[in-house]
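See structure below.
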Amino acid sequence: MSRKDWLEYIVTQEDAGMTVEQIVRQKMNVSGRMLQRLTRSKGILLNRKQPFLKREVKVGDEVAVRVVEKQAAPDHGKPAGIESTAMPVITFPPIEILFEDDHLLIANKPAGMMVHPLKPEQNDTLVHALAALFQQKGESTRVHPVHRLDKETTGAILIAKSSYGHQLADRLLREGGIHREYLAVVMGCVESDRGTIDAPIGRDPKHPTKSRVTERGDAAVTHYAVKDRTEDMSLVRVWLETGRTHQIRVHFQYLGHPLAGDTLYEGKRGLMRRQALHASVLTFQHPLTKEEIRVEAPLPPDMQRLIQAEFHQEARQD
């Protein structure tokens with residue numbers, strides 16, 4: 001077996017007497033759903049042999065779980081991990097990879113690209129582009145987005161390369177272990193140097209693609225710090241406690257300072273033909289290696305031009 005496709009755990013004195021299933025669930029953090037998949041696909045080994053899950057382990061035993069799914073080589077024109085039929089060959093824009101290991105990847109998403117398809121016929125998303133990239137390298141890797149970015153928002157997005165990596169990264173996200181920072185240009189002069197917007201967000205019943213602040217919505221908390229300001233615009237650093245749909249865009253409209261270029265939420269177009277929002281920094285402890293990961297995504301040219309024109313400065317993200 002390929003060692004990089006498996007995660008191994010050596011049983012300690014403290015673990016002795018536990019069952020294989022308990023080791024996999026409690027020590028290796030495998031969810032119940034993934035345990036079922038691994039069992040069906042023979043993805044659990046005890047000392048390199050197929051075990052009974054209720055078998056007790058002893059000190060020094062090696063328990064291994066497959067963390068990279070076995071897959072057939074993808075068909076021509078059908079990227080690995082995408083359930084699609086008769087998928088045409090598409091030329092995707094270059095996707096900058098900011099970080100990658102055997103389990104996770106961070107991409108710098110361009111503007112105008114959805115993260116994943118909403119309809120079966122969609123095949124020009126970030127998921128498709130990354131799957132095609134893996135296919136070109138001869139790798140059969142499934143693509144699992146851990147969080148979302150709006151179609152016109154650029155910047156760092158975390159992708160899991162296996163179901164196991166996705167399960168761990170998703171748990172890290174839900175527990176608040178992934179710190180996401182954004183850079184935004186908003187309309188008007190934001191007076192407070194720092195602030196917190198704590199206002200629940202829900203769907204706008206009058207507009208199918210919009211969200212709004214409403215008492216009946218889900219809790220949403222946005223923090224910000226002003227980096228620069230003029231009479232017409234403010235450059236703000238933003239970080240989130242929650243991840244509601246359009247959260248930053250909705251909250252700054254609610255504050256009276258919609259994002260530049262964001263016509264859906266009353267922002268005005270000028271140099272920006274989309275919302276001036278960029279996912280600039282992603283920080284977390286790697287759920288498998290425990291390494292501290294901090295990645296900065298370079299600003300796209302349109303936001304660089306806007307910042308230089310409005311604030312007469314080179315765009316910096318710190």
Side-chain angles (χ1 to χ4, degrees), residues 2-9 24-25 27-38 40-41 43-44 64-72 74 78-84 92 95-110 113-118 125-150 153 155-181 240 243 279 281-297:
S2 175
R3 306 292 287 187
K4 74 174 185 176
D5 294 347
W6 294 75
L7 180 68
E8 299 164 351
Y9 181 86
V24 171
R25 291 293 305 274
K27 300 297 183 177
M28 305 180 80
N29 296 312
V30 170
S31 68
R33 179 177 297 180
M34 186 173 179
L35 178 67
Q36 292 177 359
R37 283 204 304 270
L38 289 170
R40 289 194 299 267
S41 65
I44 301 174
V65 298
R66 185 187 293 117
V67 294
V68 176
E69 297 94 334
K70 288 197 303 182
Q71 300 177 66
K78 184 188 293 185
I82 303 299
E83 298 299 330
S84 169
F92 294 98
I95 304 297
E96 182 181 13
I97 305 302
L98 305 172
F99 168 86
E100 184 178 6
D101 65 11
D102 290 338
H103 307 284
L104 300 175
L105 173 150
I106 300 175
N108 188 9
K109 189 185 87 65
M113 177 178 279
M114 298 184 69
V115 172
H116 49 71
L118 298 179
T125 69
L126 179 65
V127 164
H128 289 84
L130 291 174
L133 181 63
F134 287 127
Q135 183 182 14
Q136 291 168 9
K137 296 191 295 183
E139 300 178 15
S140 295
T141 301
R142 291 194 178 274
V143 179
H144 306 265
V146 177
H147 58 101
R148 298 168 299 181
L149 291 177
D150 294 339
T153 298
I157 183 167
L158 180 61
I159 305 291
K161 297 169 63 177
S162 68
S163 296
Y164 184 67
H166 185 241
Q167 171 203 304
L168 296 182
D170 182 65
R171 178 184 300 173
L172 193 65
L173 179 69
R174 286 185 280 107
E175 294 176 350
I178 300 177
H179 180 69
R180 293 171 287 167
E181 287 190 17
L240 304 176
V281 179
L282 202 57
T283 308
F284 59 94
Q285 184 184 67
H286 196 295
L288 280 163
T289 67
K290 306 306 177 185
E291 177 187 1
E292 292 295 332
I293 306 295
R294 187 181 190 278
V295 170
E296 294 188 13

**Report entry** His116: side-chain hydrogen bond (donor to acceptor under 3.5 Å, both in side chains) partners, not counting sequence neighbours
**Finding:** none

Query raised in the report: Under 4.5 Å between any side-chain heavy atoms of Phe284 and Leu158, yes or no?
Result: yes

**Report entry** Least distance between heavy atoms, Thr125 atom then Phe92 atom
**Finding:** O-CE2, 4.1 Å

Requested in this report: State, yes or no, whether a side-chain contact exists between His286 and Asp101 at a heavy-atom distance under 4.5 Å.
Outcome: yes

Query raised in the report: Is a side-chain donor or acceptor of Lys161 paired with a backbone partner of Gly165 at a separation under 3.5 angstrom?
Result: no

Requested in this report: Compare every heavy atom of Thr153 with every heavy atom of Ala279, then report the nearest pair and how far apart it is.
Outcome: N-CG2, 4.5 Å

Query raised in the report: Tell me, do Ile44 and Met28 make a side-chain contact under 4.5 Å, heavy atoms counted?
Result: no

Query raised in the report: With sequence neighbours left out, what residues match Arg174 under salt bridge (charged side-chain N to carboxylate O under 4.0 Å, His left out)?
Result: Asp170

Query raised in the report: Do the side chains of Ile97 and Leu133 get nearer than 4.5 Å, heavy atoms only?
Result: yes

Query raised in the report: side-chain hydrogen bond (donor to acceptor under 3.5 Å, both in side chains) with Thr283: which residues, sequence neighbours excluded?
Result: none

Report summary line: Scanning both residues in full, the closest heavy-atom pair of Val143 with Ala131 reads CG2-N, 3.9 Å

Report task. Can you measure from NZ (Lys109) to CG (Asp150) and round to the nearest 0.5 angstrom? Result -> 8.0 Å

Query raised in the report: So, Arg37 side chain and Ser163 main chain: donor-acceptor pair closer than 3.5 Å or not?
Result: no

**Report entry** Heavy-atom side-chain contact between Met34 and Val65 under 4.5 Å
**Finding:** no

Query raised in the report: Minimum heavy-atom separation for His147 to Ile157, with atom names?
Result: O-CD1, 3.5 Å

Query raised in the report: What pairs with Glu96 under side-chain hydrogen bond (donor to acceptor under 3.5 Å, both in side chains), at least two apart in sequence or on another chain?
Result: Asn108

Report summary line: Closest non-hydrogen contact found for Tyr164 with Asn29 is CE1-O, 4.1 Å

Query raised in the report: Within a strict 4.5 Å, meaning less than it, do heavy atoms of the Arg180 and Val281 side chains meet?
Result: no

Requested in this report: To the nearest 0.5 Å, tell me how far Arg148 CZ sits from Met114 CE.
Outcome: 10.5 Å

Report summary line: Rounded to the nearest 0.5 angstrom, the CD1-CD1 distance for Ile106 and Ile293 is 7.0 Å

**Report entry** Residues that Arg40 engages under side-chain hydrogen bond (donor to acceptor under 3.5 Å, both in side chains), provided they are two or more places apart
**Finding:** none

Report summary line: Taken in chain and number order and not counting sequence neighbours, the residues that satisfy side chain to side chain contact (heavy atoms under 4.5 Å, CB included) with Ala160 are Leu104, His144, Val146, His166

Query raised in the report: Less than 4.5 Å apart, any side-chain heavy atom of His128 and any of Pro117?
Result: yes

Report summary line: Minimal heavy-atom distance between Leu149 and Gly155, with the atoms involved, is CD1-O, 3.7 Å

Query - 4.5 Å side-chain heavy-atom contact, Ser41 and Arg66 - result: yes

